[in-house]
There are 2 protein chains.
Amino acid sequence: MSAPVRHRIPEATVARLPVYLRSLFQVAEAKTATISSERLAELAGVNAAKVRKDLSFLGSYGTRGVGYDVEYLLFQISRELGLTQDWPVVIVGLGNLGLALAKYGGFEARGFKIVALVDAHPGKVGQEVGDLVVRHVDELSPIVAAERIAIGIIATPSSSAQDVADRLVAAGVTSILNFAPARLDVPDQVSVRKVDLSTELQILSFYQQRQGAMVAPPRPGLEGAAEEVALA
Amino acid sequence: MSAPVRHRIPEATVARLPVYLRSLFQVAEAKTATISSERLAELAGVNAAKVRKDLSFLGSYGTRGVGYDVEYLLFQISRELGLTQDWPVVIVGLGNLGLALAKYGGFEARGFKIVALVDAHPGKVGQEVGDLVVRHVDELSPIVAAERIAIGIIATPSSSAQDVADRLVAAGVTSILNFAPARLDVPDQVSVRKVDLSTELQILSFYQQRQGAMVAPPRPGLEGAAEEVALA
DNA sequence: GCATGTGAATAGATTCACAGCG
DNA sequence: CGCTGTGAATCTATTCACATGC
């Protein structure tokens, strides 16, 4: 059931697998049966050697002289990412952002299903959002257990983020996506990823400031290399 | 008026400066005058040697045997990030996510000011959000010019993302924060950073699937890509 | 012939460990 | 003496270049 685990897959590679997955979905819609590393690289915005090396960590799924079978590769990457099942997710915090996430339909298509909404504020509890009713954060444990939730999204103010993380962990959640601009202290077995909008803007600001009219774009993490900047 | 640029600052370091900044604001509120790399590392969730090396790229702002002056360091990092001024920002796309971002008050405090909202949908145009009125995307150029906007946030469905990016670039925007799950093709001078919620969840799914055993919380600031957003 | 798969080379980031200085 | 600043060592990631095998 679980993936082969031929090698230990590098973190940087794991972070790119979802990008390849998306590109492959596009290609699959166009009824293309096979794809070369060159073409996939172009769609994903990376370099072809990187694509080949990344895919080689999953196994030898390509055919020399031909390329990769799109459907087969889609399946292999999905399996590697654990997306052959749907993961139940809880959103904690239903302010502007939490609500936007709750209403966003794009997760379902990608292997995730929002199954519970939780907030600490009495005014929020009981509210209906889509086909879910917001429940109180004190009920987190039974909800997580009942719905077999493994992934939690924190969309609260940062002042409550650590408390919420503690509750999620206590309830048995082992993966957390944190939108609050706060560092979370969690046990080693728990994975945390952070999305911080202000941080992203500040990084853009850095590169923006350095260019006035010169050079040097940053790079979101994909290709490209920063050029040198002349001294002021 | 721009920073000293003693060395070229590594990308990984740039991505951590906002984290240090936030930690320093906390510390400053507590009226602490100086801070050691050890303590700052703890607050930022990184290792102390990394803090020292990162800060050393900005200059020698610490005092041996003592630590760093909090206020001074705050200023230096802010300056390096270009946050001594407020950047005017436009949000394109006012679906659930765009609206949530528009209503989110956290940017102002961090050096950014949302000065314009733009959408292509007639139903959206004219709507009031906070103290702004949504304007039509066709007016982008004059708006960008009038407000001296350098940073644009794309919160549209991915099908429009490239078109919006082209318009932003044509209007003179040189930094883009992209929430749409699409790769953007832009000129070299333009910086793009991408925030992709589904990708983040998929990365969590990978580690979740490899349960119990090792943990490997991926890095927050750099790579990432894949899906996200926008709503209709 | 042609595109994969992969060792080897290079580049970049992190960590170590200690010299240097207040 | 304590903590910064930094070369050196290590680890991770990227890119090159070509042998391999369809």
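Please read these numbers as outputs of a predicted model, since none were measured by experiment.
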Q: Report yes if the distance between the aromatic ring centroids of Tyr68(A) and Tyr61(A) is under 6.0 Å, otherwise no.
A: no
Q. Counting N and O atoms only, with roles assigned by atom type, does the side chain of Glu42(A) sit under 3.5 Å from a partner on the main chain of Ala48(A), one being a donor and the other an acceptor?
A. no
Q: Select one nucleotide: of dG5(D), dT4(C), dT14(C), the one nearest the side-chain heavy atoms of Tyr68(A).
A: dT4(C)
Q: Would you mind reading off the distance between Tyr61(A) atom OH and dC22(D) atom P, rounded to a whole angstrom?
A: 17 Å
Q. Taking the nucleotide of DNA chain D with the closest heavy atom to each, which residue, Val66(B) or Asp54(B), is nearer the 5' end?
A. Val66(B)
Q: Write down the distance between CD1 (Ile9(B)) and P (dG12(C)), rounded to a whole number of angstrom.
A: 16 Å
Q | Separation between CG of Leu55(A) and CZ of Arg16(A), rounded to the nearest 0.5 Å | A | 10.0 Å
Q: Specify the separation, in whole Å, of atom CD of Glu42(B) and atom P of dC3(D).
A: 14 Å
Q.
At 4.0 Å (heavy atoms only), tell me whether Arg16(B) reaches a base, stays on the sugar-phosphate, or touches nothing.
A. sugar-phosphate
Q.
If you compare all heavy atoms of Ser198(A) against all heavy atoms of Phe107(B), which two are closest, and at what distance to 0.1 Å?
A. OG-CD2, 3.8 Å
Q | Salt bridge flag under 4.0 Å for residues Arg167(A) and Asp163(A) | A | yes
(Q) On the nucleotide dT14(D), are OP1 or OP2 found under 4.0 Å from the side-chain N or O atoms that Lys53(A) carries? (A) no
Q: Tell me which residues in residues 24-38 of chain A put a heavy atom below 4.0 Å from DNA chain D, sorted by number, or none.
A: none
Q | Separation between CZ of Phe75(B) and CG of Leu83(B), rounded to the nearest 0.5 Å | A | 11.5 Å
Q.
Nearest to the Asn47(A) side chain among dG22(C), dC16(D), dG5(D), which nucleotide is it?
A. dC16(D)
Q | Which nucleotide in dT4(D), dT14(C), dT14(D) has an atom nearest any side-chain atom of Lys50(B) | A | dT14(C)
Q: Would you kindly give the CG-to-C1' distance between Leu40(A) and dT4(C), to the nearest whole Å?
A: 13 Å
Q: Find which nucleotide of DNA chain D each of Arg52(A) and Thr13(A) is nearest to by heavy atoms, and output the residue with the more 5' nucleotide.
A: Thr13(A)
Q. Nearest to the side chain of Arg64(B), which nucleotide is it out of dG5(C), dA13(D), dG22(C)?
A. dG22(C)
**Q.** Interatomic distance where CD belongs to Glu11(A) and P belongs to dC11(D) [whole Å]
**A.** 16 Å
Q.
Quick test of your reading of the model: are Glu80(A) and Arg210(B) salt-bridged, counting only N-O distances below 4.0 Å?
A. yes
